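First the structure, in the form of structure tokens, and then the observations on it.
This is a predicted model, so every value here is computed, not measured. Positions are given from 1, in the same order as the sequence printed here.
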Amino acid sequence: MELYFSPEWMNGNVQILNVVTNKKNPVGYLCILHEDKKMYIFGNLEDSGLKEDYHDLIKPYIQGLSNMNGDQEMFSYISVGGEMLKFEQ
């Protein structure tokens, strides 16, 4: 199943992105907060059956943020069905 971002709220320091299916059903979220030289990323996906799709959606997005803000320290906690989702460095 394909997953997409549906922006909920954005300003200069915060992004809240809903994660929805191709049928516009909400299944999770991704929240990003920039503060000084730190970036905090929190996310959750409720359906563990969509784990790979969620990973494929958010990984390039987070990598892009990291490239844009290379001098920021990044902290994250992203989970799928309550289990932490790990990314390579």
Item to check | Heavy-atom closest pair, residues Glu46 and Pro26 | outcome: OE2-O, 4.2 Å

Shared hydrophobic cluster, [X] / [Y] (ILVMFWY, side-chain heavy atoms < 4.5 Å):
| X | Y | value |
| --- | --- | --- |
| Tyr77 | Ile62 | no |
| Val27 | Leu57 | yes |
| Leu30 | Tyr40 | no |
| Leu65 | Val19 | yes |
| Ile78 | Phe5 | yes |

Checklist entry - Can you find a heavy atom in the side chain of Ser48 that is under 4.5 Å from one in the side chain of Glu83? => result no

Checklist entry - Can you tell if the side chain of Leu85 reaches within under 4.5 Å of the side chain of Ile58, non-hydrogen atoms only? => result yes

Checklist entry - Can a donor-acceptor pair be found between the side chains of Glu8 and Asn18 at a distance below 3.5 Å? => result yes

Rounded to the nearest 0.5 Å, what separation is found between the [atom1] atom of [X] and the [atom2] atom of [Y]?
| X | Y | atom1 | atom2 | value |
| --- | --- | --- | --- | --- |
| Lys51 | Leu45 | NZ | CG | 10.5 Å |
| Glu73 | Met39 | CD | CE | 11.0 Å |
| Asn11 | Ile16 | CG | CD1 | 9.0 Å |
| Tyr4 | Asp53 | OH | CG | 10.0 Å |
| Lys37 | Asp71 | NZ | CG | 4.0 Å |
| Glu2 | Asp56 | CD | CG | 11.0 Å |

Checklist entry - Taking only residues two or more places apart in sequence or in another chain, which ones pass side chain to side chain contact (heavy atoms under 4.5 Å, CB included) with Asn25? => result Thr21, Lys23

Next on the checklist: Going by side-chain hydrogen bond (donor to acceptor under 3.5 Å, both in side chains), name the residues that satisfy it together with Ser79, two or more places apart in sequence or in a different chain.
Outcome noted: Asn44

